[in-house]
Trainee: 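Here it is, the structure in full.
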Amino acid sequence: RSIVISGVTSGLGRALLGYFYNHGHTVAGCGRRVGEIQALQAQFPNAKLSAVDVSNDKSVQLWADTICGGVNVAGISPETMHQTKAAWEVPRQDFDDTIDVNIKGVSNMIRHFVPRMIKNNVGTFVAMSSGLGRSPNPHHVAYCASKWAVEGMVKSLAMSLPPDGPMCAVPLAPGVVQTGMQPGSSDGKNEGSLSSSSSGNMTSGLRWLVQ
């Protein structure tokens with residue numbers, strides 16, 4: 001399978017990169033941090049890794065033009081850090097950054113990768129959602145707003161895909177995963193790894209996506 005993943009420098013994106021690469025798939029990935037992309041390229045020499053800001057539409061377009069042949073799975077995992085603030089305490093820039101990455105980033109990926117899926121008449125588009133995209137939380141207002149948007153956007157995308165092709169679009173909520181975004185994990189020791197409580201469900205989901 002040919003798989004495209006954004007946000008590969010940390011968290012779920014990093015875990016997905018390692019999982020798919022080690023299972024023999026052709027993987028292209030991106031992240032915003034140049035140094036970490038270079039380090040990952042050395043670790044995964046056959047992957048096609050690029051420094052891309054998914055909130056920048058032109059950057060995503062250029063990246064898609066560079067890497068795309070046939071895309072079987074376009075996996076999205078761009079996320080900003082959780083903010084534990086009440087709604088009226090969230091700084092404007094923090095809110096804007098969350099919306100730019102978590103919503104606009106997914107929209108940009110849809111715009112430049114889904115047409116290639118449709119042209120090839122095959123593919124799965126996956127956007128990382130969250131349980132907080134289905135239920136509110138008083139301390140993660142911007143994050144909740146962004147994930148509710150992802151749920152609506154990707155489910156609407158699924159309804160608009162051609163009915164006669166083997167294609168689908170899925171907002172995937174993997175459950176609680178131990179990454180650098182979670183409280184108490186700032187030391188980075190678990191960055192890109194799956195916690196024991198969710199690894200089974202996540203692995204099952206990954207197997208389903210590439211069938």
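Just the heavy atoms: all of them, side chains too, but no hydrogens, waters or symmetry mates, feed the values below.
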Trainee: What I'd like to find out is whether the side chain of Pro166 reaches to under 4.5 Å of the side chain of Asn121, using heavy atoms alone.
Mentor: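 Yes - at least one pair of side-chain heavy atoms lies under 4.5 Å apart.
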
Trainee: Salt-bridge test for Asp97 and Arg92: reply yes if a basic N is under 4.0 Å from a carboxylate O, no otherwise.
Mentor: no

Trainee: Quick check: does any side chain N or O of Ser135 sit under 3.5 Å from a backbone N or O of Leu132, one acting as donor and the other as acceptor?
Mentor: no

Trainee: Using side-chain heavy atoms (C-beta onward) and a distance below 4.5 Å, is Val4 in contact with Val27?
Mentor: no

Trainee: So, does Gln41 use its side chain to make a donor-acceptor pair with the main chain of Leu49 at under 3.5 Å?
Mentor: yes

Trainee: Should Val170 and Phe125 be marked as a side chain to side chain contact (heavy atoms under 4.5 Å, CB included) after you check the CA-CA gap, both sets of side-chain angles, and the distance that decides it?
Mentor: CA-CA 6 Å; Val170 182; Phe125 185 92; over 6 Å; no

Trainee: Look at the side chain of Lys147 and the backbone N and O of Ile103, then say whether any donor-acceptor pair between them is shorter than 3.5 Å.
Mentor: no

Trainee: Decide yes or no on side chain to side chain contact (heavy atoms under 4.5 Å, CB included) for Leu157 and Met153, but give the supporting numbers first.
Mentor: CA-CA 6 Å; Leu157 168 64; Met153 179 164 38; 5.8 Å; no

Trainee: What about Val34 and Phe44, same hydrophobic cluster or not, with Ile/Leu/Val/Met/Phe/Trp/Tyr joined at side-chain heavy-atom distances under 4.5 Å?
Mentor: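 No.
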
Trainee: CZ/Arg111 to NZ/Lys104 distance, rounded to the nearest 0.5 angstrom?
Mentor: 10.5 Å

Trainee: Under 3.5 Å, is there a donor on one side chain and an acceptor on the other for Ser146 and Asn102?
Mentor: yes

Trainee: If you define the side chain from C-beta out and look only at heavy atoms, does anything of Leu12 sit under 4.5 Å from Pro174?
Mentor: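 Yes; the side chains approach each other to less than 4.5 Å.
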
Trainee: Give me the atom names and distance for the closest heavy-atom approach of Val52 to Cys30.
Mentor: CB-CB, 3.7 Å

Trainee: For a side chain to side chain contact (heavy atoms under 4.5 Å, CB included) check, start with the C-alpha distance between Glu151 and Ser130, then their side-chain angles and the critical distance, and finish with the verdict.
Mentor: CA-CA 9 Å; Glu151 288 280 326; Ser130 169; over 6 Å; no

Trainee: If I compare all heavy atoms of Thr9 with all of Glu36, which pair ends up nearest, and what's the gap?
Mentor: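 The pair with the smallest heavy-atom distance is O-OE1, 3.2 Å.
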
Trainee: Which atoms form the tightest heavy-atom contact between Leu161 and Ala169, and what is the distance?
Mentor: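 In terms of heavy atoms, the two residues are closest at CD1-N, 3.9 Å.
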
Trainee: In Å, rounded to the nearest 0.5 Å, how long is the span from NZ of Lys155 to OG of Ser160?
Mentor: 14.5 Å

Trainee: Please report the interatomic distance CG(Asn120) to CE(Met167), rounded to the nearest 0.5 Å.
Mentor: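 It comes to 9.5 Å.
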
Trainee: Rounded to the nearest 0.5 Å, what separates atom CD in Glu89 from atom CG in Asp94?
Mentor: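 Between Glu89 CD and Asp94 CG, I get 12.0 Å after rounding to 0.5 Å.
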
Trainee: Which atom names give the shortest non-hydrogen contact between Asp53 and Val60, and what distance separates them?
Mentor: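 Scanning both residues completely, I find the closest heavy atoms to be O-CG2, 4.1 Å.
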
Trainee: Parallel, tilted or perpendicular, judged at 30° and 60°: which one describes the rings of His140 and Tyr143?
Mentor: perpendicular

Trainee: Apply side chain to side chain contact (heavy atoms under 4.5 Å, CB included) to Ser129 and Val154, showing your working.
Mentor: CA-CA 10 Å; Ser129 182; Val154 178; over 6 Å; no

Trainee: Determine the minimum heavy-atom distance between Gly31 and Ile37, stating which atoms define it.
Mentor: N-CD1, 3.5 Å

Trainee: Any donor-acceptor pair under 3.5 Å linking the side chain of His25 with the backbone of Tyr21?
Mentor: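 Not a single qualifying donor-acceptor pair exists.
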
Trainee: Considering only heavy atoms from C-beta outward, does the side chain of Pro136 approach that of Trp148 to under 4.5 Å?
Mentor: yes

Trainee: Say you draw a straight line from CG of Leu172 to OG1 of Thr124; how long is it, rounded to the nearest 0.5 Å?
Mentor: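 Nearest 0.5 Å value for the CG-OG1 distance: 11.5 Å.
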
Trainee: Using 0.5 Å steps for rounding, measure from the NZ atom of Lys85 to the NE2 atom of His139.
Mentor: 12.5 Å

Trainee: State plainly whether one hydrophobic cluster holds both Val106 and Ile118, where clusters connect Ile, Leu, Val, Met, Phe, Trp and Tyr through side-chain heavy atoms under 4.5 angstrom apart.
Mentor: yes

Trainee: Locate the shortest heavy-atom distance separating Met109 from Ser6; write the atom from each residue and the value.
Mentor: CE-CB, 4.2 Å

Trainee: Using a distance-only test with no angle check, is there a side-chain donor-acceptor pair under 3.5 angstrom linking His112 and Asp57?
Mentor: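 Yes, side-chain donor-acceptor contact under 3.5 Å.
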
